[in-house]
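Accompanying notes for the structure given below.
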Amino acid sequence: MHDIRTIRDNPDAFDAALARRGIAPLAAGLLARDAARRARILAAETAQADQNRASREAGAAKAAGDTAAFEALRTLVAEKKAEIARLTAEAEAEDAGLRAELMTIPNLPRADVPDGADEGGNLEIRHWGTPRTLGFAAREHFDIPGARPGFDFPAAAKLSGARFVVLRGALARLQRALAQYMLDLHTGAHGLTEMWTPVLVRSEAMEGTGQLPKFAEDSYQTTNGWWLVPTSEVTLTNLVAGEILEGAALPLRMTAHTQCFRSEAGSAGKDTTGMLRQHQFEKVEMVTICAPDQSRAEHERMTRCAEAVLEGLGLPYRTVVLCTGDMGFGAERTHDIEVWLPGQGRYREISSVSTCGDFQARRMNARFRPAGGGKPEFVHTLNGSGLAVGRTLIAVLENGQEEDGSITLPEALRPWLGGKGRIDASGALV
RNA sequence: GGAGAGGUGGCCGAGCGGUCGAAGGCGCACGCCUGGAAAGUGUGUAGGCGGGAAACCGCCUCGCGGGUUCGAAUCCCGCUCUCUCCGCCA
């Protein structure tokens with residue numbers, strides 16, 4: 001959420017930044033609303049101050065035995081009371097209205113984000129690895145002979161419908177191994193704290209990270225009001241909601257492996273075959289809570305943590321910085337990591353690492369007390385996939401496929417695969 | 001799901017319907033003391049919003065929301081969360 005005072009101080013800069021995201025100017029409307037709001041607040045508080053004073057004087061008059069004065073003041077308070085009720089209701093309505101509007105406005109892109117209308121404007125900032133030369137026609141993950149027995153889409157359709165998968169045998173094992181490998185890498189070499197969090201959350205949590213109020217249709221809600229998290233960014237980030245952290249304790253770097261649930265509203269027809277885009281999938285997420293002067297370095301660090309997962313698995317990737325038109329709601333800068341998928345012959349997103357500045361912190365009211373003392377300030381929040389486990393499974397299968405239909409698995413996974421290193425053409429882990 | 005107890009500042013913990021944003025303690029910060037420290041001692045120490053160039057002033061917050069009252073941390077009602085016991089349960 002944006003700070004109305006910042007907009008007040010520099011409305012042109014606000015509108016200019018919005019324009020980079022293709023949004024029409026909003027500052028004038030917001031400031032008119034803000035002026036009305038403040039006028040109401042002032043009126044309500046002035047009336048309240050009048051009442052408080054009259055009440056004190058009434059008490060004094062009563063103590064002094066001055067009945068006439070007491071009765072007069074009592075009448076005055078009663079009058080003020082009705083006035084206050086009306087004025088505060090108006091003030092609260094204005095305040096809520098302004099806040100509601102601010103809650104729907106996306107974060108502003110940082111100056112170093114490239115302009116662009118869509119993903120065509122993204123810029124590669126680095127790449128790693130070279131796609132194998134296969135010498136045969138690459139298959140997509142669901143078409144590789146060794147993988148086919150492990151994917152049971154008909155069974156998933158029977159249980160749940162489209163965009164679900166049942167994994168069987170070697171593939172179920174492989175997915176588990178991938179998640180364990182990622183968690184161990186992040187908690188070990190990268191020093192993140194492993195967390196385990198709920199996947200059902202209150203609306204407040206979804207508002208804190210920006211999924212609500214604007215994107216309700218993208219998530220699922222239970223009959224009693226809980227939301228299924230679309231990513232554990234929601235739980236990990238909201239851990240600090242409403243808190244005032246000690247500056248010396250920052251940065252907090254966390255990771256969690258959870259199920260994620262997305263309605264995929266609006267992506268009808270996209271990626272309908274295979275398990276690339278599912279309503280339920282696994283993700284190892286990373287979240288960092290830090291001081292404002294730490295967030296740039298933390299963003300780079302987190303990006304490197306995600307890239308390290310792919311490097312450990314020997315999967316070629318490229319990292320792009322998203323242009324203004326392709327960024328998500330809460331981000332001020334995003335790095336997408338795209339893994340090479342031989343079956344599609346192109347790079348596909350496997351991780352998205354964003355720094356949100358104080359955008360989420362304002363929504364959550366998450367602050368820290370600077371190390372040297374002083375007023376609490378809003379923290380900065382960052383989140384990134386490290387990585388999407390299902391998509392990593394796809395990448396491992398497609399990149400490891402052999403002409404005979406078998407699949408060579410990354411060496412790095414052996415500790416979690418009972419020492420085994422390939423899936424044969426019949427689908428057995430050997 | 002049933003019964004009971006309880007939510008006060010960074011923490012612990014008092015609080016008669018007004019003088020209470022709140023005693024006291026701990027912690028923390030700064031000073032005194034000291035060769036330096038400890039101990040001792042003094043002072044300070046919540047957040048948000050609004051007005052103001054500033055000094056400063058006002059408003060709100062004792063889990064949340066209502067009510068009673070001239071006046072509520074204190075009385076009443078509802079909700080919520082935590083804890084204990086019972087029930088159920090992976």
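First the proteins, then the strands, lettered A, B, ... as listed; each starts at 1.
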Nearest-angstrom distance, [atom1] atom, [N] to [M]:
N	M	atom1	answer
B:G65	B:A73	C1'	16 Å
B:G15	B:A23	P	14 Å
B:G18	B:C76	P	16 Å
B:G42	B:G47	P	25 Å
B:A22	B:U8	C1'	8 Å

A:Asn383 side chain to A:Thr237 main-chain N or O, any donor-acceptor pair under 3.5 Å? no

Test your reading of the model: is there a side-chain donor-acceptor pair from A:Thr334 to the backbone of A:Ala331, 3.5 Å cut-off? no

Round to a whole Å and report the spacing from [atom1] of [X] to [atom2] of [N].
X	N	atom1	atom2	result
A:Glu204	B:U80	CD	P	13 Å
A:Asp34	B:C49	CG	P	12 Å
A:Arg56	B:C70	CZ	C1'	13 Å

Salt bridge check: are A:Arg363 and A:Glu207 linked by an N-O gap of less than 4.0 Å? no

Upstream residue (5' side of RNA chain B) when A:Asp50 and A:Gly59 are each assigned their closest nucleotide: A:Gly59

Nearest heavy atom decides the nucleotide; on that basis, is A:Glu45 or A:Ala58 closer to the 5' end of RNA chain B? A:Glu45

With a 4.0 Å limit, can you tell me whether [X] has a side-chain N or O closer than that to the phosphate oxygens OP1/OP2 of [N]?
X	N	value
A:Asn365	B:G48	no
A:Arg53	B:C70	no
A:Arg37	B:C49	no
A:Arg38	B:C49	no
A:Gln48	B:G58	no
A:Asn52	B:G18	no

Pair assignment for [N], Watson-Crick or G-U wobble, requiring both distances under 3.5 Å:
N	result
B:A23	none
B:G18	B:C70
B:C64	B:G78
B:G4	B:C83
B:U41	B:G31

Considering all heavy atoms, the nearest A:Gly146-A:Ile423 contact: O-CG2, 3.4 Å

Intermediate values then yes/no, salt bridge (charged side-chain N to carboxylate O under 4.0 Å, His left out), A:Arg391 and A:Asp271: CA-CA 12 Å; A:Arg391 289 191 175 180; A:Asp271 306 313; 5.1 Å; no

Can you say whether the rings of A:Phe153 and A:Phe151 are parallel (under 30°), tilted (30 to 60°) or perpendicular (over 60°)? parallel

Choosing from B:G50, B:G58, B:G47, which nucleotide comes nearest the side chain of A:Arg367? B:G47

